Amino acid sequence: MRYRKYIVLFIFFTLQISFLFSSEKKNILILNSYHEGLQWTDDIVNGVNQSLSEYNIEKEVFIEYFDSKRFINKEYQRGLYDLYKIKYNHTEFDIIILSDDHALNFMLEYRDSLFGEVPVVFCGINNPHIYPDTYTGIIENIEYIHNFELIKKLHPDFSKIYFIVDNTETGNIIYDRAYRHYLSISKEYNYEFLRDYSFDELFEKVTSLDDKSVILLTAFTKDRLGNYCSYDEIVTNLRKHAKVPLYGVWNFYLGKGIIGGKIISGYDQGYKAAKIAQKILNGEKVNKINIEMSESSYRFDFDELKEFSIRKGDLPDNSVILNHPLSFLTNNKQQTIFFSIIFVLLLLVIIVLWLYILFRKAKNKQERRQIKIIEFNNEKLQLANEKIEEANRLKTAFLSNMSHEFRTPMNGIIGFAKLLTDSPDIDPDTRNKYLQIIHKSGYIILDLINDVIDLSKIESQKLKINYSECKLSNLLDELLSFFIAERDNHEKQNIKILVEKEFNYKDIVIYSDCNRIRQVLFNLLNNALKFTAKGSIKYGYFIEIPNIVFFVKDTGIGLAESEKEMIFERFRQVEDKMTRRYGGSGLGLSISKGIIENMDGKIWVDSEKGKGSTFYFSLPYKVVEKKSEMGTADKKIPHYLWSDKTILIVEDSQISYELLLKFLKKTEVNFIHAPDGEKAVSTCKNNKYIDLVLMDIQLPILDGLEATKQIKEFRPDLPIIAQTANAMDDDKPIILDAGCDDYISKPIDRIDLLEKINIFFSN
């Protein structure tokens with residue numbers, strides 16, 4: 001009796017094991033119309049696999065892909081038939097699950113000869129059929145009208161809905177069902193189908209839509225030229241080119257650029273199809289299972305809702321929002337609660353430890369305070385000694401440097417004066433050369449004396465600031481001419497000197513001391529030229545209310561972090577050896593600092609060793625009201641109408657491109673955009689109706705000058721106006737030699753631009 005229990009358990013487990021080994025394994029075939037990697041198909045397969053994983057029977061799953069998005073014809077289908085005939089000759093399937101119309105059509109034609117009367121469950125079907133008794137599944141129901149109603153609710157003042165659908169078999173079904181069954185009988189919506197386009201034509205079309213347009217994307221994977229484009233590529237490119245709201249009907253567009261819509265999920269259809277398959281495998285008759293319609297749900301992308309200022313409260317009830325900042329918390333409530341409890345406990349532990357540490361610190365606080373007082377007094381004594389030693393060293397270095405700076409030009413004056421006195425018969429050319437050296441040396445000494453005088457005035461707070469009207473444009477142009485000449489005199493022609501004037505303020509007149517501004521800019525430009533061996537020097541100003549900020553940027557030797565404050569001290573240069581190598585008294589920056597501070601301003605530097613420096617100084621911005629004739633703001637803007645003309649704008653900066661569009665909008669001229677020189681050349685080759693090109697000079701891939709040369713080879717009569725940010729006169733012949741018919745400097749003046757274009761359009 002005592003062993004009876006164990007015998008019963010042994011018999012029970014033996015029967016269970018024998019049942020498992022004797023149960024028949026189920027063979028399941030998943031047949032997909034499209035290719036692996038296509039998100040729609042992958043979502044369906046994932047839904048099927050997830051549902052089957054919950055079905056607790058022994059099974060083997062086979063998956064096939066038709067790849068009909070890219071390859072489909074009768075010969076191809078016959079080849080698939082021959083392949084499956086060989087591949088599955090010895091495999092008997094218990095059920096077949098298929099996705100989309102091509103797989104369904106294939107099975108309706110070949111199932112019996114391939115697999116016999118195996119039950120078939122379908123999903124993702126657009127085109128209605130007459131189904132045999134052994135077929136059931138889910139028909140796809142795209143919510144056209146619900147999406148139109150959604151658009152009308154979220155964009156009540158929309159001008160037109162552009163319905164994008166291609167001419168593929170699926171696209172034709174969508175178009176036929178949407179137009180014939182819904183839109184043709186409804187006069188409520190202003191809409192237009194976009195179908196017979198190449199991809200480039202489609203992108204150009206959506207770029208030109210007005211601001212109140214809305215796009216509804218269904219399917220557009222093949223264009224009229226037969227080119228294929230994936231779902232990800234089409235929605236990404238549409239979002240890139242269209243500046244208007246973009247909606248869709250399938251979940252694989254979400255997160256790629258659409259705002260959302262009433263959307264069909266491939267995963268949901270696959271999951272439900274597998275559930276129907278389980279019923280059949282459990283013995284339920286196929287003809288007793290009704291064919292279902294797919295369900296849609298409102299889904300939206302948080303980032304796109306934010307981009308188009310759509311409020312969450314305006315969305316339909318039960319809407320799902322992708323990428324919402326709080327979506328993780330709402331979708332993972334249990335995990336959130338668990339980690340919140342852990343966080344609170346850790347916080348309590350931290351607070352207890354912190355209080356303990358405070359207690360320990362308070363105990364030793366008095367002792368540490370006494371130690372710090374002693375250390376601080378010692379540091380003060382040491383610092384005072386170091387300052388005395390540094391002052392003595394600087395005084396000695398300054399006196400030595402000033403002696404050198406005075407003696408060098410004095411040596412030239414005395415020496416060449418002596419030569420003139422001792423050589424009465426010297427020839428005129430040599431005499432003039434000696435006199436020029438004496439003249440230049442005299443001005444060097446005069447500049448040194450002026451520096452010392454200015455320094456003494458600054459020290460005694462007696463520096464006088466003479467405020468008056470200052471025309472910045474004239475001042476900057478004057479300095480440009482002077483330093484271009486200085487650059488050439490020093491044989492540094494490889495250095496570009498550029499001036500930048502802020503567009504909205506380029507003719508500005510301010511109330512300040514123009515001579516002092518000139519003096520500071522002169523010192524900074526002189527240093528930049530001195531310490532720069534190659535590259536460029538750029539200077540100018542910009543407005544940062546309530547200040548105007550001037551800058552001088554070079555590609556010279558640069559400064560280390562520790563040197564940035566030191567250079568503004570009196571008698572200091574970066575290193576004493578710099579004085580010997582580059583010359584100079586070391587007073588220029590100190591004087592400049594004193595001048596700027598006396599004018600209620602500030603001076604500073606950004607620099608990196610070996611990469612150059614940018615010196616800035618800011619002054620209070622006090623503008624002088626200009627008379628109407630002084631600026632271009634009061635000029636009458638001419639009105640031009642060029643609706644029959646086309647301009648190619650070659651510009652890699654989106655901001656500059658949009659500015660040109662604004663400048664030319666009222667002319668009604670037609671636009672084409674090329675973001676680089678290579679694209680500009682190909683566009684001019686393929687578009688014979690382009691009437692003029694606005695060519696930026698600095699472009700990626702192929703620069704503007706080289707692009708101009710290539711365009712002129714096959715269209716020599718096409719007018720090209722160069723856009724350049726350089727202000728040097730040296731650049732003009734280079735631009736014209738490349739083939740440009742004219743050029744305009746940035747920042748671009750709208751009236752100048754219109755007048756230049758009109759010259760070519762009037763010829």
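Because the structure is predicted, anything quoted here is derived from the model rather than measured.
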Quick one: [atom1] on [X] to [atom2] on [Y], what's the gap to the nearest 0.5 Å?
X      : Y      : atom1 : atom2 : result
Phe761 : Asp644 : CZ    : CG    : 8.5 Å
Leu529 : Ile497 : CG    : CD1   : 6.0 Å
Cys684 : Lys679 : SG    : NZ    : 11.5 Å
Leu659 : Leu664 : CG    : CG    : 9.5 Å
Phe671 : Thr207 : CZ    : OG1   : 13.0 Å
Ile748 : Ile751 : CD1   : CD1   : 14.0 Å

Is a donor on one side and an acceptor on the other found under 3.5 Å between the side chain of [X] and the backbone of [Y]?
X      : Y      : result
Asn526 : Phe522 : no
Asp513 : Asn515 : yes
Asp676 : Leu699 : no
Arg715 : Ile690 : yes
Asn687 : Thr683 : yes
Ser481 : Asp477 : yes
Glu706 : Asp703 : no
Arg487 : Ile495 : yes
Asn670 : Lys645 : yes
Asp691 : Thr646 : yes

Is the shortest side-chain heavy-atom distance between [X] and [Y] below 4.5 Å?
X      : Y      : result
Ile757 : Phe663 : no
Val552 : Asn527 : no
Ile510 : Lys622 : no
Asp742 : Phe760 : yes
Thr555 : Lys534 : no
Asp211 : Lys243 : no
Leu589 : Leu524 : yes
Val206 : Leu209 : yes

Decide side chain to side chain contact (heavy atoms under 4.5 Å, CB included) for Leu694 and Glu651; before the verdict, give the C-alpha distance in whole Å, the side-chain angles of both, and the deciding distance to 0.1 Å. CA-CA 8 Å; Leu694 287 176; Glu651 177 61 71; over 6 Å; no
**Item:** Exceeds 12 heavy-atom contacts within 6.0 angstrom, atom CD of Glu204
**Value:**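 Not buried by this count: 12 neighbours or fewer within 6.0 Å.
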Query raised in the report: How about Glu491: does its CD atom have over 12 heavy atoms from other parts shown lying under 6.0 Å from it?
Result: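 Incorrect, the count does not exceed 12.
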**OP:** Please collect all salt bridge (Lys or Arg N to Asp or Glu O under 4.0 Å) contacts where either partner lies in residues 653-666, sequence neighbours excluded, each pair once.
**Re:**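 Non-adjacent pairs meeting salt bridge (Lys or Arg N to Asp or Glu O under 4.0 Å): zero.
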Exercise. Among residues two or more places apart or on two chains, list those pairs meeting salt bridge (Lys or Arg N to Asp or Glu O under 4.0 Å) that have a residue in residues 592-608.
Key: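 Non-adjacent pairs meeting salt bridge (Lys or Arg N to Asp or Glu O under 4.0 Å): Lys593-Glu597, Glu608-Lys611.
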Might you work through the side chain to side chain contact (heavy atoms under 4.5 Å, CB included) test for Trp642 and Leu754, ending with a clear yes or no?
CA-CA 11 Å; Trp642 301 321; Leu754 294 175; 4.2 Å; yes
Closest non-hydrogen atom pair between [X] and [Y], with its separation:
X      : Y      : value
Asn523 : Ser592 : ND2-OG, 3.2 Å
Cys514 : Leu475 : SG-CD2, 4.1 Å
Ile735 : Ala722 : CG2-CB, 3.6 Å
Met599 : Ser512 : CE-OG, 3.2 Å
Phe308 : Pro245 : CE2-N, 3.6 Å
Ser613 : Ser607 : OG-OG, 2.7 Å

Those residues that, when tested against [X], pass ring pair (Phe, Tyr, Trp, His ring centres under 6.0 Å) (two or more places apart):
X      : result
Phe551 : none
Phe203 : His241
Phe617 : Phe550

Verdict with supporting geometry, Tyr511 and Cys470, side chain to side chain contact (heavy atoms under 4.5 Å, CB included) = CA-CA 6 Å; Tyr511 186 69; Cys470 179; over 6 Å; no
Verify side chain to side chain contact (heavy atoms under 4.5 Å, CB included) between Ile508 and Tyr541, making sure each step is shown before the conclusion. CA-CA 11 Å; Ile508 193 172; Tyr541 64 90; 3.7 Å; yes
Step by step, work out the salt bridge (Lys or Arg N to Asp or Glu O under 4.0 Å) result for Lys712 and Asp741. CA-CA 11 Å; Lys712 285 293 186 176; Asp741 301 277; 3.0 Å; yes
What residues, two or more places apart in sequence or in another chain, satisfy salt bridge (charged side-chain N to carboxylate O under 4.0 Å, His left out) together with Glu561?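 By the salt bridge (charged side-chain N to carboxylate O under 4.0 Å, His left out) rule, Glu561 matches Lys564.
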